[in-house]
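Here's the structure we're looking at; comments come further down.
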Amino acid sequence: MTTVIKNGTIVTADLTYRADVLIEGGKIAAIGENLSGDKELDATGCYIMPGGIDPHTHLEMPFMGTYSADDFESGTRAALAGGTTMVVDFALPSPGQGLLDALQMWDNKSGRAHCDYSYHMAITWWGEQVFNEMEEVVKRGITSFKHFMAYKGALMVNDDELFASFRRVGDLGGIALVHAENGDVVAELSARLLAEGNTGPEAHAYSRPPQVEGEATNRAIMVADMAGVPLYVVHTSCEDSHEAIRRARQQGKRVWGEPLIQHLTLDESEYFNPDWDHAARRVMSPPFRNKLHQDSLWAGLQSGSLSVVATDHCAFTTEQKRTGVGDFTKIPNGTGGLEDRMPMLWTHGVNTGRLTPNEFVAVTSTNIAKILNMYPKKGAILVGSDADLVVWDPEAEKTIGADTQQSAIDYNVFEGQKVKGLPRYTLTRGVVAVTEGKVDSREGHGEFVAREPRGTVNRALSQWKELSAPRPVERSGIPATGV
Ligand code: URP
Ligand code: ZN
Ligand code: ZN
Ligand code: ZN
């Protein structure tokens, strides 16, 4: 059985041209003119793009006393509906739990996925067992390790642990990821706010000013440089963090920044909505920022100082959010966005002229595949690549609403937003999963994508210098005591 996509314009991260795409056995078999296949998909008026890759999701994750509400079933169904054909989720050991044990938990859950997936491994504590198991994790195709510099008393790792883990990741040829917020300062500010009677969701934003993110991002970059490991900063939300990333890249360090679609399009005024539920539903870390920070993120995507756009999809129902009534620190942190990332970025990025269609493909798919070392299997339209494709109709419109979404939660942070630019078809390894908004995908179709380590060339700039082994200086005399 072959499928051909006809009459469309192919848009990749670097090229735009008219051609048909022939698919066989889940892969792209040919690209050219006048191709024919058993089944035809009409792409008249549409762009044929690599399917989106969301590098940052939390599906059915135990967090803050509950589980995130979208699992691999509803989460990946939502992804496909919005043109995303692969997610990279975080396998999260609870502190003290082995990495391989956590991996088994994630394997038990991910069998329900509608689209392909991979994992990052979270390092939530440090010890000999973690050190040893990291090697096996890499052997199983998971080469990116996430560290939380926030969530003190829960997931946070201290600087000694961060440095030890970064060195280990570097030696294994992997990349380090960080949630960069100064967890000590956040804990201190939170306690003070609560003591002063600031208990509402807006206090969540007060407790995590841009400085806590800027400081942690700078620290992570310096620690990563000393450890000789490439660094990927998740959910870059503000200029303070972006500035550190920009500077590091200018210095030749392998550092990447990942803004979220939420931070690009929603601002801090959401937390001052008098409706408690409205504000609490938008509580996430880092919080939404003001317009100046948003402009910085857009500029970063344009100039290339920021590399990818993710969702950090970690959705909680209103009922789950309400565990934080009377104490903002108990509101589960996280928002959804998997289904809306591509249409929202197209609407606010491409339709406004901020991004070209090629840049859109780069930041939603190709750059991610390259950074995470799965290009050109993913993120490409090349003969031999997986036929994870989206036939994108730039004229199709809808209004985002919880009543029509795939996600399991009862609201949508983008509720009421009009988007223009939607999938006509989404294909996962050649199988049509979505047709003009109608989802017809198969639970369990998704496969795990193993990723190779990059080896020792995977180093930050400073590590290229000849580092001779440190040795003590030979001196002629022994100084007198007390000197
Ligand atoms: O608030 C957020 N971002 N929740 C998900 C977990 C994380 O920190 O990424
Ligand atoms: Zn985070
Ligand atoms: Zn509302
Ligand atoms: Zn996250």
Side-chain angles (χ1 to χ4, degrees), residues 54-71 75 87-95 102 106 117-124 144-157 162 176-183 186-187 190 201 203-205 207-208 210 212-213 216-217 220 231-238 241 256-264 266 268 270-271 279-289 308-317 320-321 323-324 328-338 341 368 372 407 409 413:
D54 193 330
H56 188 160
T57 67
H58 301 281
L59 301 174
E60 204 186 336
M61 183 179 81
F63 189 50
M64 295 186 72
T66 185
Y67 280 81
S68 56
D70 277 314
D71 57 14
V87 301
V88 190
D89 202 73
F90 290 84
L92 189 93
S94 45
W106 253 257
Y117 57 91
S118 190
Y119 311 129
H120 309 285
M121 175 55 70
I123 301 297
T124 55
S144 41
F145 292 85
K146 159 85 166 288
H147 307 74
F148 292 92
M149 298 170 82
Y151 305 125
K152 188 176 181 178
L155 304 173
M156 179 171 130
V157 287
L162 201 65
L177 275 62
V178 273
H179 170 133
E181 287 184 305
N182 185 318
V186 170
S190 300
H204 173 78
S207 73
R208 312 179 98 98
V212 302
E213 193 181 334
T217 303
L231 184 72
Y232 179 110
V233 182
V234 304
H235 47 49
T236 306
S237 77
C238 59
S241 172
W256 301 281
E258 172 209 78
L260 307 181
I261 190 61
Q262 296 92 320
H263 288 119
L264 287 162
L266 301 172
E268 63 185 1
E270 302 282 355
Y271 300 119
R281 287 163 171 167
R282 286 148 180 90
V283 162
M284 66 164 303
S285 297
F288 301 155
R289 308 295 191 188
V308 309
V309 176
T311 63
D312 191 6
H313 188 97
C314 189
F316 296 101
T317 63
Q320 288 176 302
K321 289 281 187 179
T323 43
F328 72 90
T329 65
K330 296 197 166 58
I331 302 170
N333 284 201
T335 57
L338 251 173
R341 177 182 66 135
I368 298 162
L372 296 181
S407 165
I409 65 170
V413 295

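Both ligands and their constituent atoms are indexed starting at 1 by order of listing.
- Annotation: atom 3 (N) of ligand 1 to nearest protein heavy atom, Asp312 OD2, 2.6 Å.
- The backbone N or O of Arg208 sits nowhere less than 3.5 Å from a side-chain atom of Glu213 that would complete a donor-acceptor pair.
- Between His263 and Phe288, a ring centre-to-centre spacing shorter than 6.0 Å is recorded.
- Close approach of ligand 1 to Met284 is summarised as follows: ligand atoms under 4.0 Å from at least one heavy atom of the residue are 1 (O), 3 (N).
- A donor-acceptor pair is defined here as one N or O able to donate and one able to accept, closer than 3.5 Å; such a pair exists between the side chain of Ser68 and the backbone of Met61.
- Distances from the Zn ion (ligand 4) to each N, O or S atom of Asp312 single out OD1 as the nearest.
- Among the backbone and side-chain atoms of His179, none of the N, O or S atoms lies under 2.8 Å from the Zn ion (ligand 4).
- The shortest heavy-atom distance from Phe90 to ligand 1 is not under 4.0 Å.
- Within the 4.5 Å cutoff, no side-chain heavy atoms of Thr57 are placed close to those of Tyr117.
- Donor-acceptor pairing under 3.5 Å is recorded for the side chains of Arg289 and Ser237.
- Shortest contact from atom 4 (N) of ligand 1 to any protein heavy atom: Asn333 O, 3.0 Å.
- Formation of a donor-acceptor pair under 3.5 Å by the Gln262 side chain with backbone atoms of Gly336 is found in this model.
- Remark: among candidates His58, Glu181, His204, the nearest residue to atom 6 (C) of ligand 1 is His58, based on non-hydrogen atoms.
- Near Cys314, the atoms of ligand 1 lying under 4.0 angstrom from a non-hydrogen atom of the residue are 5 (C).
- In terms of protein heavy atoms, atom 1 (O) of ligand 1 is closest to Ser285 N, 2.8 Å.
- Side-chain atoms of Lys321 come within 3.5 Å of backbone atoms of Pro332 as a donor-acceptor pair (strictly under, hydrogens ignored).
- Within ligand 1, the atoms closer than 4.0 Å to a non-hydrogen atom of His235 are 8 (O), 9 (O), numbered from 1 in the order shown.
- Remark: ligand 1 atoms within the under-4.0 Å shell around heavy atoms of His56 are 9 (O).
- At a cut-off of 2.8 Å, His56 is counted among the residues with an N, O or S atom near the Zn ion (ligand 4).
- In this structure, atom 8 (O) of ligand 1 lies nearest to the protein heavy atom Tyr151 OH, 2.7 Å.
- Exactly one residue among His179, His56, His147 makes a ring pair (Phe, Tyr, Trp, His ring centres under 6.0 Å) with Phe90. That residue is His56.
- A donor and an acceptor atom, one from each side chain of His313 and Asp70, are located under 3.5 Å apart.
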